[in-house]
Peer 1: 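Structure below; questions to follow.
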Protein chains: 2
Amino acid sequence: MVRKKVKLAFMENSAERKVSYRKRRKGFLTKARELNTLCDVELATLVNNPYHNEPELFPNHEAATGMFTKFIDLLEEKK
Amino acid sequence: MVRKKVKLAFMENSAERKVSYRKRRKGFLTKARELNTLCDVELATLVNNPYHNEPELFPNHEAATGMFTKFIDLLEEKK
DNA sequence: CAGCCTATCATTAGAGC
DNA sequence: CGCTCTAATGATAGGCT
């Protein structure tokens with residue numbers, strides 16, 4: 001099995017891209033969870049799933065929304 | 001060299017935790033960039049750096065702020 | 001199209017400076 | 001403290017079902 005080295009560029013093939021998306025989204029969320037748990041880092045992510053309407057949030061809808069709101073509010077205060 | 005297997009739990013040792021934080025934050029942002037570029041996925045992250053006051057944003061301050069604001073606004077509209 | 005498999009490449013814990 | 005090195009674990013491309 002010959003495996004191509006990954007280059008950082010848009011994957012033209014839509015089928016491969018979708019498979020890669022599924023795998024990488026999982027890996028990405030795992031990294032987020034590890035950073036959060038192992039290192040006690042508060043973090044939130046917003047992923048606009050290109051195959052569904054609803055965006056995916058980490059750590060969950062409520063926590064991420066709270067963090068985003070708090071962040072935006074702090075920015076407003078600084079103005 | 002004997003390496004402990006990583007368990008998904010808070011790292012008690014603060015020096016080790018800080019080193020791990022630096023390494024994992026870098027890895028996490030790399031994964032974010034890969035998911036974004038390879039799969040054409042729009043995503044934003046907010047990482048509250050425990051060692052500094054300013055949170056770190058991906059892909060950058062402006063884009064992430066824009067995505068968060070848009071997301072919050074959409075939530076408000078749905079109410 | 002979505003899982004499973006596994007060879008292969010990528011990340012990182014631990015060590016040394 | 002923060003960098004480099006590398007063994008060892010972890011992620012995933014391509015193949016298959």
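Everything quoted here is computed from the prediction, not taken from an experiment. Just so it is clear: chains get the letters A, B, ... in the order the sequence lines come, proteins before strands, and each one is counted from 1.
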Peer 1: How many Å lie between CZ on B:Arg17 and C1' on C:dT12, as a whole number?
Peer 2: 17 Å
Peer 1: Quiz question: going by heavy-atom distance under 3.5 Å, is there a donor-acceptor pair between the base of D:dG14 and the side chain of A:Lys23?
Peer 2: yes
Peer 1: Check the distance between D:dA13's C1' and A:Arg25's CZ and give it to me in whole angstrom.
Peer 2: 18 Å
Peer 1: For the residue pair B:Tyr21 and A:Asp40, establish whether any side-chain heavy-atom pair is separated by less than 4.5 Å.
Peer 2: no
Peer 1: Atom NZ of B:Lys26 and atom P of D:dA11: how far apart are they, to the nearest Å?
Peer 2: 17 Å
Peer 1: Once rounded to the nearest 0.5 Å, what's the spacing between atom NZ of B:Lys70 and atom OG1 of B:Thr65?
Peer 2: 14.0 Å
Peer 1: Applying a 4.0 Å non-hydrogen cut-off, can you work out what A:Lys18 is touching in the nucleic acid: base, sugar-phosphate, or nothing?
Peer 2: sugar-phosphate
Peer 1: Could you tell me which residues satisfy side chain to side chain contact (heavy atoms under 4.5 Å, CB included) with A:Val19, sequence neighbours excluded, listed by chain and number?
Peer 2: A:Arg22, A:Lys23
Peer 1: A:Arg33 CZ to D:dG10 C1': how many Å, rounded?
Peer 2: 14 Å
Peer 1: With respect to the side chain of B:Glu16, which nucleotide from C:dG14, C:dA13, C:dT11 is positioned closest?
Peer 2: C:dG14
Peer 1: Nearest-nucleotide wise, let me know which of B:Lys31 and B:Met11 is further upstream toward the 5' end of DNA chain C.
Peer 2: B:Lys31
Peer 1: So, is B:Thr30 near the phosphate of C:dA10, with a side-chain N or O under 4.0 Å from OP1 or OP2?
Peer 2: no
Peer 1: Does B:Ser20 place a side-chain N or O at less than 4.0 Å from the phosphate oxygens OP1/OP2 of C:dA13?
Peer 2: yes
Peer 1: Quick one: A:Glu34 CD to C:dA13 P, roughly how many Å, whole number?
Peer 2: 9 Å
Peer 1: Starting from P on D:dG15, measure out to CG on A:Asn13 and report it in whole angstrom.
Peer 2: 12 Å
Peer 1: Drop me the distance from A:Leu46's CG to A:Leu57's CG, to the nearest 0.5 angstrom.
Peer 2: 5.5 Å
Peer 1: Could you state the CG-C1' distance from A:Leu35 to D:dG10, rounded to the nearest angstrom?
Peer 2: 16 Å
Peer 1: Atom CZ of B:Phe28 and atom P of D:dG10: how far apart are they, to the nearest Å?
Peer 2: 19 Å
Peer 1: Any side-chain N or O of B:Arg22 below 4.0 angstrom from OP1/OP2 of D:dC1?
Peer 2: no
Peer 1: Hey, does the side chain of B:Arg24 come within less than 4.0 Å of C:dT11's phosphate (OP1/OP2), counting only N and O?
Peer 2: no
Peer 1: Can you list everything that forms a side chain to side chain contact (heavy atoms under 4.5 Å, CB included) with A:Asn13? Sequence neighbours excluded, please.
Peer 2: A:Ala15, A:Glu16
